[in-house]
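Report on the structure given below.
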Amino acid sequence: MAATDVTMDKVVSLTRRRGFVFPSSEIYGGLGSTYDYGHYGVLMKNEIRTLWLRAMVQERDDIVALDSAIILNPRVWEASGHVAGFTDPLVDCRTCKLRFRADKLEDSNCGRKPSKRPGETADCDLTEPRQFNLMFETQVGAMQDEASQAYLRPETAQGIFINFKNVLQLARRKPPFGIAQTGKSFRNEITPGNFLFRVREFEQMEMEFFVPPDDAEQWYRYWVEERLNWHRGLGLRDENLRVREHGAEERSHYSSGTSDIEYLYPIGWQELEGVANRGAFDLTQHTQHSGTKLEYVGPDGERYVPHVVEPAVSIERIFVALLCDAYREEVVGERERTVLQLSPRVAPVKAAILPLIPRDEGMATRAKNLFGELRRRFSVEHDDSGQIGRRYRRQDEIGTPWAFTIDEQTLEDETVTVRDRDSLAQERVPISGVASWLSAALERPWSPPAAA
Ligand code: ATP
């Protein structure tokens with residue numbers, strides 16, 4: 001099956017069927033484009049976040065972690081430009097009563113059946129575009145007046161800029177250094193959709209890298225490359241990744257360079273991650289609005305406002321890219337199977353432990369013991385219900401890379417079968433060596449199997 005045959009519908013249906021993701025508030029009729037994550041979805045999201053934090057913080061000397069509040073002083077959003085300018089152009093259709101993003105009409109479906117592009121037929125009656133602010137408003141405290149007006153953050157980055165001085169002084173950093181954080185962001189998107197690709201509540205992973213102004217261009221190139229390689233390391237196929245550099249007309253006025261790392265989703269090439277060279281804009285704005293100088297002063301009196309290079313991505317866009325990249329329908333030994341060929345690093349379950357004949361006391365006990373040993377170190381699953389073939393196919397669908405089967409031979413020589421999800425090859429390993437086998441297997445470099 002070619003990657004181009006993977007549709008969003010197939011991926012949505014698998015994630016639903018196997019409990020990765022549920023439409024939110026379903027028993028109340030749902031809330032458009034809002035989702036809840038089930039067990040495997042949570043495990044997989046945790047893996048993505050952990051790998052990001054490992055690459056950004058744990059394995060580096062020059063980046064520290066932060067977890068700032070979701071609701072900030074509203075003046076933060078005035079200084080950042082979000083109150084005045086975090087808008088998308090909105091058009092209404094007087095005929096079908098739906099709203100669309102004026103700059104994304106090509107990607108939108110109109111409300112009539114069969115659905116058309118907004119503006120495609122003579123019946124469509126679109127208003128002139130007007131600017132719509134994407135920030136969710138809320139009130140802080142019991143009083144509902146102007147003074148209590150606040151916003152849910154639309155990005156995590158501003159929480160980083162306002163902590164620049166704390167980190168500079170207390171973590172004793174000097175440029176080049178970065179601050180990384182992950183957390184929920186909220187945007188009242190006009191046209192959410194395409195499953196988790198565009199949602200109103202999502203988890204961002206952002207890193208602001210502060211550098212001497214003269215070095216900004218070089219660091220910007222460095223981070224584009226570094227982030228592209230990180231996505232490759234997750235197992236995303238090379239041919240489905242590309243970098244698209246924005247032209248001057250597409251960039252924010254303060255940015256001297258922006259690149260999208262794009263992924264070939266079933267809906268076409270779309271932004272997976274953005275890397276921007278933001279100049280001194282953010283620190284200068286917050287200095288002006290807060291009165292607190294956000295600058296670097298060196299030991300010999302040298303002072304400057306660092307420039308900022310920002311890689312920003314959401315877990316949701318990575319999650320969808322990984323699932324689309326991994327989804328395959330195959331015929332194996334005259335049987336159809338659906339398999340998620342996920343990299344073992346991001347797979348929600350690393351191995352399944354399966355007693356071949358669950359009512360056999362010897363097999364059941366050995367399987368339980370092995371499960372007890374492995375679960376202390378790995379995300380593993382014990383499954384003793386149904387025929388072995390069905391159990392394998394269930395694990396294939398959730399992307400479990402290996403299954404350890406306890407069978408008759410185990411009772412004779414204390415070895416188990418390891419079944420490989422992708423090649424279906426089987427080998428035998430001693431039951432006592434399974435933990436170290438799995439640990440070594442998870443360390444091995446992995447690349448996606450060639451398309452069948
Ligand atoms: P778009 O043009 O698609 O609306 P953007 O350029 O506004 O995106 P940024 O503000 O650069 O996006 O956000 C940084 C990253 O956050 C994006 O690259 C994407 O990974 C993620 N992201 C942004 N909006 C959403 C959303 N509504 N749902 C899921 N992820 C999002």
Side-chain angles (χ1 to χ4, degrees), residues 1 3 5-52 107 109 136 152 182-189 191-205 231 234-237 240 263-268 270-273 313-329 337-350 352 379-381 383 393-401 421 448:
M1 177 184 197
D5 295 336
V6 179
T7 63
M8 207 66 110
D9 284 348
K10 286 183 177 178
V11 170
V12 172
S13 145
L14 181 139
T15 55
R16 174 77 208 266
R17 189 165 75 237
R18 290 301 176 194
F20 283 73
V21 179
F22 310 116
S24 185
S25 318
E26 215 179 359
I27 60 170
Y28 288 101
L31 176 67
S33 295
T34 310
Y35 297 92
D36 296 337
Y37 288 85
H39 182 68
Y40 297 125
V42 173
L43 295 180
M44 194 166 143
K45 266 193 350 160
N46 287 347
E47 293 297 62
I48 297 169
R49 189 185 313 103
T50 303
L51 288 167
W52 188 87
D107 302 336
N109 292 317
F136 279 101
L152 302 188
T182 68
K184 284 263 169 127
S185 289
F186 304 83
R187 296 183 186 181
N188 198 2
E189 297 277 2
T191 39
N194 289 312
F195 190 34
L196 294 155
F197 178 82
R198 189 179 300 285
V199 276
R200 296 197 170 104
E201 176 183 335
F202 51 98
E203 186 169 342
Q204 280 193 311
M205 305 194 290
H231 289 288
L234 291 185
L236 291 176
R237 288 176 166 77
N240 293 339
Y263 179 77
L264 185 55
Y265 292 94
I267 50 173
Q270 297 283 344
E271 174 176 343
L272 167 63
E273 169 155 359
V313 67
S314 69
I315 294 190
E316 282 72 8
R317 292 216 180 158
I318 299 173
F319 189 85
V320 177
L322 285 169
L323 291 170
C324 294
D325 223 68
Y327 185 100
R328 290 290 174 276
E329 288 168 3
R337 74 162 183 169
T338 301
V339 56
L340 282 185
Q341 294 178 328
L342 290 167
S343 155
R345 291 162 146 219
V346 296
V349 175
K350 310 303 176 194
S379 166
V380 287
E381 212 170 79
D383 185 2
R393 276 193 296 285
R394 193 171 157 272
Q395 295 298 332
D396 287 344
E397 285 207 356
I398 62 168
T400 308
R421 175 197 66 200

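Only heavy atoms go into these numbers, but all of them, side chains included; no hydrogens, no water, no symmetry mates. Sequential numbering from 1 along the given sequence is applied to the chain's residues.
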Side chains of [X] and [Y], heavy atoms from C-beta outward: is any pair under 4.5 Å?
X: F202; Y: L196; value: no
X: Q270; Y: D107; value: yes
X: L272; Y: I318; value: yes
X: L340; Y: L14; value: yes
X: N194; Y: M8; value: yes
X: T182; Y: E203; value: yes

[atom2] on [Y] to [atom1] on [X], rounded to 0.5 Å:
X: D396; Y: Q341; atom1: CG; atom2: CD; value: 9.0 Å
X: L264; Y: D325; atom1: CG; atom2: CG; value: 9.5 Å
X: F319; Y: C324; atom1: CZ; atom2: SG; value: 10.5 Å
X: M205; Y: L51; atom1: CE; atom2: CG; value: 9.0 Å
X: I267; Y: T7; atom1: CD1; atom2: OG1; value: 12.0 Å

For a quick test of reading the model, state the closest non-hydrogen atom pair linking [X] to [Y] and the distance between them.
X: T15; Y: V12; result: OG1-O, 2.8 Å
X: L322; Y: L234; result: CD2-O, 3.8 Å
X: D36; Y: S24; result: OD1-OG, 3.0 Å

Derivation of the side chain to side chain contact (heavy atoms under 4.5 Å, CB included) call for R421 and T400:
CA-CA 7 Å; R421 175 197 66 200; T400 308; 6.0 Å; no

Does P448 have any side-chain contact (heavy atoms from CB on, under 4.5 Å) partners at least two apart in sequence or in another chain, and if so, which?
R237, W446

For P348, enumerate each residue passing the side-chain contact (heavy atoms from CB on, under 4.5 Å) test, keeping only those at least two apart in sequence or located in another chain.
F20, Y40, L43, M44, L342

Would you call E273 and R317 a salt bridge, taking side-chain N to carboxylate O under 4.0 Å as the test?
no

What I want to find out is whether R337 reaches E329 closely enough, with some N-O distance under 4.0 Å, to be called a salt bridge.
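A salt bridge is absent here (no side-chain N lies under 4.0 Å from a carboxylate O).
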
Excluding sequence neighbours, so at least two apart, what forms side-chain hydrogen bond (donor to acceptor under 3.5 Å, both in side chains) with [X]?
X: S25; result: none
X: T50; result: none
X: S379; result: none
X: S314; result: none

Quick check on R345: does its CZ atom have over 12 non-hydrogen neighbours (other residues, nucleotides or ligands) under 6.0 Å away?
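No.
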
Taking I315's backbone N and O only, do any of them form a donor-acceptor pair with R49's side chain (distance below 3.5 Å, no angle check)?
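No, because the side chain of R49 does not come within donor-acceptor range (under 3.5 Å) of the backbone of I315.
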
For the side chain of K350 and the backbone of P344, is there at least one donor-acceptor N/O pair under 3.5 Å apart?
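Judged by distance alone, yes, a pair lies under 3.5 Å.
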
When the side chains of residues 27-35 are checked against the rest of the protein, which donor-acceptor pairs come out under 3.5 Å, sequence neighbours left out?
from : atom 1 : to  : atom 2 : distance (Å)
T34  : OG1    : L31 : O      : 3.0
T34  : OG1    : G32 : O      : 3.2

Please identify each residue that fulfils salt bridge (Lys or Arg N to Asp or Glu O under 4.0 Å) with [X], with sequence neighbours left out.
X: E316; value: none
X: E381; value: R394
X: R200; value: none

Applying salt bridge (Lys or Arg N to Asp or Glu O under 4.0 Å), which residue pairs with at least one partner in residues 18-27 are found, sequence neighbours left out?
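Pairs touching residues 18-27 that pass the test: R16-E26, R18-E397.
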
Residue set satisfying ring pair (Phe, Tyr, Trp, His ring centres under 6.0 Å) with Y265, at least two apart, ordered chain then number -> F197, Y263

Is the NZ or CZ atom of K10 positioned over Y327's six-membered ring, under 6.0 angstrom from the centre and within 45° of the axis?
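No, K10 does not sit over the ring of Y327.
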
